[in-house]
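Everything on this sheet refers to the single structure shown next.
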Amino acid sequence: MTYLPTPEQDELRAMVRELAQERIAPRAAAIDAAQEFPWDLKELLAQQDLLGICFEEQYGGTNLDGVSQAIVAEEIARADATTSLIPIVQKLGALPIMVAGSDEQKQRYFPRLASGEWLIAFALTEAAAGSDVASNRMRARRDGDDYILNGSKRFITHGSIANVLTAFALTDAEAGGRKGMSAFIVETDSPGFSAPRVEHKMGIRGSPTAELNFDDVRVPAANRLGEEGDGFKIAMATLDVSRLGVAAQAIGIAQGAIDAAVAYAAERRQFGQRVVDFEAIQFMLADMSSQTEAARQLVYAAAARVDAGVTDIPYWTSSAKLIAGDTAMRVTTDAVQVLGGYGYINEFPVERMMRDAKITQLYEGTQQIQRLVVARQLLARSGVPARG
Ligand SMILES: Cc1cc2nc3c(=O)[nH]c(=O)nc-3n(C[C@H](O)[C@H](O)[C@H](O)COP(=O)(O)OP(=O)(O)OC[C@H]3O[C@@H](n4cnc5c(N)ncnc54)[C@H](O)[C@@H]3O)c2cc1C
């Protein structure tokens, strides 16, 4: 076992870091203020082959290992959390196809996703079905060689700009969400599809979070993923892996805040000395850094285990997301403290980072849900029945 990054991973980090520092960080404040999706940075990431990192070579991807994918998300998030969502959600949306798609479906969609020509979104959440995914209501009714989708989705990242979605709907309402839900690939130029509303958010403000409507949207049966009734299983298998992207995003945001806090404290003088020379500040910085490093190592350990196909993937990925998200929130809050009043105003990036960090405790399963997953896995490992 080696805990050291490979030379290729070090090289990748250096490359993405330079790109992020030079091209992404200078845009971050304006993206946040304008609340506009950074199409220029999407193009930049596509040109640099950073949108194809999770796709196999045969589809035009670069098929990076899990730790390398985490490094990419982390280094982009260190500069701008909104932009880091572009590769993260490209993987999230594609994962149901990776999990359950046929060769033909992969061949049809992956090359356009790997090149960045198309964006994809993952449409699971509904107004009444957040943490409780199985209470989904959207319907898919079979009609000859097609399905007809009716219903709506809520809070879908990139939902208003994606070319294609992986979407979940009940094919058997009687059986309910766990057994009666199916997964579909839906092209967003299908008649009856619309994205009527984009949310105003606390953070990741350049990333459109959309409500989606499906009004008699006709989807070929060939676009169903797996069998009828496989939807819940596919959604869970997706989230078990995809939440590592959010965990990597969280440590990137935390690291960005540490960098900004150190730089500021080294310049700012009070009581005749640099703020960074106060021991109280050094101790805060030490906690911020060591906690972020611990979270980072857990994310990499989880990523390596996903690649190895271990049987307890949810234990690792939920633990990583839990620790990384909570660390990002704590560290960014402390970074604001290190900057004093200047931390609270948007002339400095830490207030944006604090707002951005909050979402990592909420999406792809709230922290409470991560704890449920970890606890269930822990009890199963220990041979303790779930209910006494
Ligand atoms: C910016 C943003 C982007 C998103 N992107 C996507 C996306 O791309 N695709 C997608 O499908 N969804 C997306 N989501 C949805 C996101 O995954 C949900 O918001 C999240 O899962 C929580 O659901 P909820 O908001 O309905 O909260 P609720 O489930 O209503 O939870 C409310 C509170 O109750 C707690 N709670 C709920 N159940 C339990 C329980 N069993 N035990 C203990 N506590 C519990 C929660 O932790 C939370 O604190 C996004 C959300 C946001 C805000």
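Everything numeric here is computed off the predicted structure, so don't read it as measured data. Order of listing sets the numbers, starting from 1, for every ligand and every atom in it.
- Ion pairing between a basic and an acidic side chain is recognised when a charged N comes within 4.0 Å of a carboxylate O; Arg243 and Glu364 show no such pairing.
- Residues Phe232 and Leu95 fall within the same hydrophobic cluster, defined by Ile, Leu, Val, Met, Phe, Trp and Tyr side chains chained together at heavy-atom separations under 4.5 Å.
- Clustering of Ile, Leu, Val, Met, Phe, Trp and Tyr by side-chain heavy atoms under 4.5 Å joins Leu165 with Met138, Tyr147, Leu149, Ile156, Phe184, Val186, Phe193, Leu212, Phe214, Val217, Val219.
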Could you go through Gln249 and Ser84, starting from their C-alpha distance and side-chain angles, then the distance that decides it, and tell me whether this counts as side chain to side chain donor-acceptor pair (under 3.5 Å)? CA-CA 7 Å; Gln249 177 185 48; Ser84 72; 3.2 Å; yes
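- For the pair Arg268 and Tyr342, the cation-pi test (distance below 6.0 Å, angle within 45°) is failed.
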Verdict with supporting geometry, Lys153 and Glu126, salt bridge (Lys or Arg N to Asp or Glu O under 4.0 Å): CA-CA 4 Å; Lys153 295 285 174 184; Glu126 297 180 9; 2.9 Å; yes
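- Listed as neighbours of ligand 1 are Phe122, Leu124, Thr125, Gly130, Ser131, Phe155, Ile156, Thr157, Lys201, Ile204, Thr209, Ile359, Leu362, Tyr363, Glu364, Thr366, Gln368, Ile369, Leu372, each bearing a heavy atom under 4.0 Å from the ligand.
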